[in-house]
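Below you'll find the structure, written out as structure tokens, and then a few comments.
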Amino acid sequence: MLTGKQLILATKPYAKETKWKSWYYTLSTAAVLIGLFACTAFLPSLFLRIPCSILTGLVIVRMFVIYHDFQHHTILYQSKAANVLFSAFGIFILAPASIWKRSHDYHHAHNSKLFTASIGSFPIMTQQKFQESTPAEKRAYLAARHPLTILFGYFSMFMIGMSVKSFTSSPSRHMDSLLALVLHFTMGTLLYIYMGWLSLLLLLIIPFFIACAIGAYLFYAQHNFPGVTFRDKEGWCHDNAAMASSSYMQMNAFWKWVTGNIGYHHIHHLNSRIPFYRLPEAMEAIPELQRAKTTSLSPKAILACLRLKVWNPDINKMTALGEVSTTPVSYELRA
């Protein structure tokens, strides 16, 4: 059985892009997105515009995953044209490259580590740490992980977290965050003035709300699911953080397309240089990758993820507040 460095090396053959595929998936997704925006804006029937608006939000999710791969230098690395395209998209989606890449790289380097800054990820407290925290600290912690914070990710995570906080913390490093905010509110204002409140709702608010809510939940559930494990710095290693602390989110073909295969998250964390379109190939070829811890987008699975609040090292699992267990639990990778 492959483990550790051997498992990581086994993924290397899949960490090679096919340039024409990278461009095809990028440009075809961009074309679908532009087409859906056009249909939402100009179709004569409201009953056609509404589903187009919803689909626009879903396709934004897919484009964001492709943008995410570019920021990992996984696809189209050193392409000036791709850099222009994705830099513009990052500003458009309120996740400018300057803050997204820095925070996301930190997340990959510290995934599942206890007692590290929650840069690029949802905060994790041990049960003891939570009990010892002040009331204000408890409220802030629970607010950051609250389902409404995830649902309203458009405002909480992207507009405020990614753009406002990054710019106010370091204006010189994050001018693109200010540009993102200015552009976003300018688009909203122009839509309202020239096309009315309904077009503002259908062309901006609904697509962004849907895309950001889905993105926020995916990011949460991929590292906050029943069976996830966390380690202190001394017990941390890269391959275990990928396989034991990152989920494989089981999806149908439609959701795999929408999410750009981001559900294969354990493989992505094991080797972030594997292009999104090769992740299924890697999983099919390497049996060890098929032993991942799983979750899904079913209502039951979503509720199970959202109820998790604190890490209990005594029983080796995430629990809800007030949940008590005296039986140690060991979560092994499933055969």
Looking only at non-hydrogen atoms, find the nearest pair between Y25 and I66 and report the distance. O-CD1, 3.7 Å
How about Q128: does its CD atom have over 12 heavy atoms from other parts shown lying under 6.0 Å from it? no
How long is the straight-line distance from NZ of K19 back to OG of S79, given to the nearest 0.5 Å? 7.0 Å
For residues L94 and A180, report the shortest heavy-atom separation together with the two atoms involved. CD2-O, 3.8 Å
Distance in Å, M125 CE paired with Q127 CD, rounded so as to fall on 0.5 Å steps: 12.5 Å
Would you check if L321 and L142 make a side-chain contact, meaning some heavy-atom pair closer than 4.5 Å? yes
In this structure, which one of Y248, Y14, Y277, F276 forms a ring-ring contact (aromatic ring centres under 6.0 Å, His included) with Y264? Y248
When clusters are formed by joining ILVMFWY residues with side-chain heavy atoms under 4.5 Å apart, either directly or through shared neighbours, do V258 and L151 land in the same one? yes
Ring of F130, cation from K309 - is the NZ or CZ under 6.0 Å from the centre and inside 45° of the axis? no
H265 side chain to H223 side chain, donor-acceptor N/O pair below 3.5 angstrom: yes
Do the non-hydrogen side-chain atoms of S103 and M162 ever get within less than 4.5 Å of each other? yes
Hydrophobic cluster membership, with links at side-chain heavy-atom distances under 4.5 Å among I/L/V/M/F/W/Y: are F208 and F155 in one? yes
Report yes or no: does S298 contribute a side-chain atom to a donor-acceptor pair with the main-chain N or O of A301 at less than 3.5 Å? yes
Take H108 and H268 through the side-chain hydrogen bond (donor to acceptor under 3.5 Å, both in side chains) test and state the conclusion after the steps. CA-CA 10 Å; H108 270 259; H268 171 66; 3.1 Å; yes
Side chains of R278 and N261: donor-acceptor distance under 3.5 Å anywhere? no
Heavy-atom nearest pair, T126 first then V310, reads C-CB, 4.3 Å
Kindly say whether the aromatic ring centers of Y67 and F64 come within a distance under 6.0 Å. yes
Less than 6.0 Å separating the ring centroids of H184 and F92? no
Do the non-hydrogen side-chain atoms of M243 and K293 ever get within less than 4.5 Å of each other? no
Value for CG (L279) from CG (D69), rounded to nearest 0.5 Å, stands at 7.5 Å
Kindly say whether I124 contributes a backbone atom to a donor-acceptor pair with the side chain of R145 at under 3.5 angstrom? no
Side-chain heavy-atom pair F254, L58 within 4.5 angstrom cut-off: yes
Pair R62-T29, side-chain donor/acceptor within less than 3.5 Å: yes
Which atom pair, heavy atoms only, marks the closest approach of D176 to S98? OD1-OG, 2.6 Å
Could you walk me through whether S112 and T229 pass the side-chain contact (heavy atoms from CB on, under 4.5 Å) test, one step at a time? CA-CA 7 Å; S112 82; T229 57; over 6 Å; no
Beyond-backbone contact of N312 with M318, side-chain heavy atoms, under 4.5 angstrom: no
Is there a continuous path of hydrophobic side-chain contacts, each under 4.5 Å between heavy atoms, that joins M187 to L202? yes
Flag side-chain contact, heavy atom, 4.5 Å: I99 against R102: yes
Under 3.5 Å, is there a donor-acceptor pair linking the side chains of Q222 and S246? no
Quick check against the 3.5 Å criterion: does T74 have a side-chain atom that pairs as donor or acceptor with the backbone of S272? yes
So does S166 get a backbone contact from the side chain of S169, meaning a donor-acceptor N/O pair under 3.5 Å? yes
Please answer whether the main-chain N or O of K129 pairs with a side-chain N or O of E132 as donor and acceptor at a distance below 3.5 Å. no
How about F70 and T26: do any of their side-chain heavy atoms sit closer than 4.5 Å? no
Between the side chains of S199 and R49, is a donor N or O closer than 3.5 angstrom to an acceptor N or O? yes
Aromatic rings F219 and H104: how do their planes relate, parallel, tilted or perpendicular, breaks at 30° and 60°? tilted
CG of L46 to CG of L198: how many Å apart, nearest 0.5 Å? 5.5 Å
Mind running side-chain contact (heavy atoms from CB on, under 4.5 Å) on I267 and I286 for me, showing each step along the way? CA-CA 10 Å; I267 307 175; I286 303 172; over 6 Å; no
T295 versus S247, side-chain donor and acceptor atoms under 3.5 Å: no
Looking only at the aromatic ring of each residue, does the gap between the centers of Y220 and F225 stay below 6.0 angstrom? no
Between S121 (side chain) and H107 (backbone), is there a donor-acceptor pair under 3.5 Å? no
Identify whether W197 and F185 are in the same connected component of the hydrophobic contact network (ILVMFWY, side-chain heavy atoms under 4.5 Å). yes
What are the two closest non-hydrogen atoms of H68 and I262, and how far apart are they? CE1-CD1, 3.9 Å
Any idea which heavy atoms bring I60 and A211 closest together, and the distance? CG2-CB, 3.6 Å
Is W100 linked to L179 within one hydrophobic cluster, defined over Ile, Leu, Val, Met, Phe, Trp and Tyr using a side-chain heavy-atom separation of less than 4.5 Å? yes
side-chain contact (heavy atoms from CB on, under 4.5 Å) for K165 and I160? Distances and angles first, verdict last. CA-CA 6 Å; K165 286 188 176 180; I160 296 173; 4.2 Å; yes
How long is the span from the CD1 atom in I50 to the OG1 atom in T40, to the nearest 0.5 Å? 10.0 Å
Decide side-chain contact (heavy atoms from CB on, under 4.5 Å) for K101 and H73; before the verdict, give the C-alpha distance in whole Å, the side-chain angles of both, and the deciding distance to 0.1 Å. CA-CA 10 Å; K101 179 163 178 56; H73 298 163; 4.0 Å; yes
What distance do I274 atom CD1 and E281 atom CD have between them, rounded to the nearest 0.5 Å? 9.5 Å
Salt bridge between R291 and E288, side-chain N to carboxylate O under 4.0 Å? no
Taking C-beta and beyond as the side chain, do I150 and L306 meet within less than 4.5 Å on heavy atoms? yes
Reference residue F209; test ring-ring contact (aromatic ring centres under 6.0 Å, His included); the match among F152, F158, Y154: F152
